[in-house]
Amino acid sequence: MGNEINLLIDGIPVRGEITHRSTRDIGVQICAPYKNFSAKRHIPSMAAGYRSFIGTKGDLVAEELLRERYVICQYLDTHFVALATELAAFLEQSEYPAQQADLTAKLKGARHESPLKNQHLKGLKRNIDTLLEAQLVAFLDSVFPMQISKNMAEFILAAIQGKLAFK
């Protein structure tokens, strides 16, 4: 799509791009001073006749999404060391990462064994993954002053763990 968005937030120039726009969907990605963080908004079918992301309304929503992403990235940047320390302590106390690693290893070893055992292990791993994800989202809710969605949580965790560059 390529529509550029430029904002000035607290004296800082913030640049983003509308990555997708249709009547019912809009996507925005922050490009500067941060990167690799996008957001989407969707209009449900029942409201589609009354709202649209085409035109001025879509521009305002895109600016709002960009502003939200900037605020989160700024907070993450400013508090990065403390967040990384708190996350490490949290993961150390949690039993789920060890269980997750153990089940992953068992699954790799069970590839050539009974399909029933393999299916059982996959189910256990899915349960552990879900429990860990819920714990991590709860952790982020406790350390971030703003509401964190599941997509935001994935980005934040990847950034804190060094799996994703956001600057």
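Just so it is clear, the values below take in all heavy atoms, side chains as well, and ignore hydrogens, waters and symmetry mates.
- Here the closest heavy-atom approach between residue Y70 and residue I30 is recorded as CA-CD1, 3.8 Å.
- Once rounded to the nearest 0.5 Å, the distance linking CE of M152 with CD of E68 reads 6.0 Å.
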Would you sort out whether V143 and F90 count as a side chain to side chain contact (heavy atoms under 4.5 Å, CB included), showing the intermediate values?
CA-CA 11 Å; V143 296; F90 168 80; over 6 Å; no

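- Judged purely by atom type and a 3.5 angstrom limit, T19 has no side-chain atom pairing as donor or acceptor with the backbone of Q29.
- Using a 4.5 Å cut-off between side-chain heavy atoms of Ile, Leu, Val, Met, Phe, Trp and Tyr, with links allowed through other members, I26 and L60 fall into different hydrophobic clusters.
- Listed here is the closest heavy atom pair of I148 and A153: CG2-N, 3.6 Å.
- The CG atom of L66 sits 8.5 Å away from the CG atom of N6 when rounded to the nearest 0.5 Å.
- Considering CG of D77 and CZ of F166, their distance stands at 4.5 Å, rounded to 0.5 Å.
- Taking each heavy atom of L76 and A159 in turn, the nearest pair found is CD2-CB, 3.7 Å.
- Summarising the geometry, atom CG belonging to L140 is positioned 11.0 Å from atom CD belonging to E154; distances are rounded to the nearest 0.5 Å.
- Here the closest non-hydrogen pair linking Q161 and L87 is CG-CD2, 3.9 Å.
- Side-chain contact check for V28 versus S38: every heavy-atom pair is 4.5 Å or farther apart.
- Once rounded to the nearest 0.5 Å, the distance linking CG of D25 with OG of S52 reads 10.5 Å.
- Closest heavy-atom contact between F37 and R69: CE2-CD, 3.2 Å.
- Between Y75 and F144, a ring centre-to-centre spacing shorter than 6.0 Å is recorded.
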Please determine whether side chain to side chain contact (heavy atoms under 4.5 Å, CB included) holds for the pair L91 and L136, giving the CA-CA distance in whole Å, both sets of side-chain angles, and the decisive distance to 0.1 Å.
CA-CA 9 Å; L91 289 173; L136 289 170; 3.9 Å; yes

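- Although no hydrogens or angles enter the test, the distance criterion places a donor-acceptor pair under 3.5 Å between the side chain of R21 and the main chain of F53.
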Do I43 and T23 pass the side chain to side chain contact (heavy atoms under 4.5 Å, CB included) test, and can you show the C-alpha distance, the side-chain angles, and the key distance before you say yes or no?
CA-CA 8 Å; I43 297 173; T23 3; over 6 Å; no

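- The CG atom of D59 lies 9.5 Å from the CD1 atom of I54; values are rounded to the nearest 0.5 Å.
- With hydrophobic clusters built from ILVMFWY side chains whose heavy atoms lie under 4.5 angstrom apart, V81 does not share a cluster with Y34.
- Neither I72 nor L8 shares a network with the other; the hydrophobic side chains, linked directly or stepwise wherever heavy atoms of I, L, V, M, F, W or Y lie under 4.5 Å apart, form separate groups for each.
- Nearest heavy atom pair, residue A62 against residue I5, reads CB-CD1, 3.6 Å.
- Pairs passing the salt bridge (charged side-chain N to carboxylate O under 4.0 Å, His left out) check and including a residue from residues 78-87, sequence neighbours excluded, do not occur.
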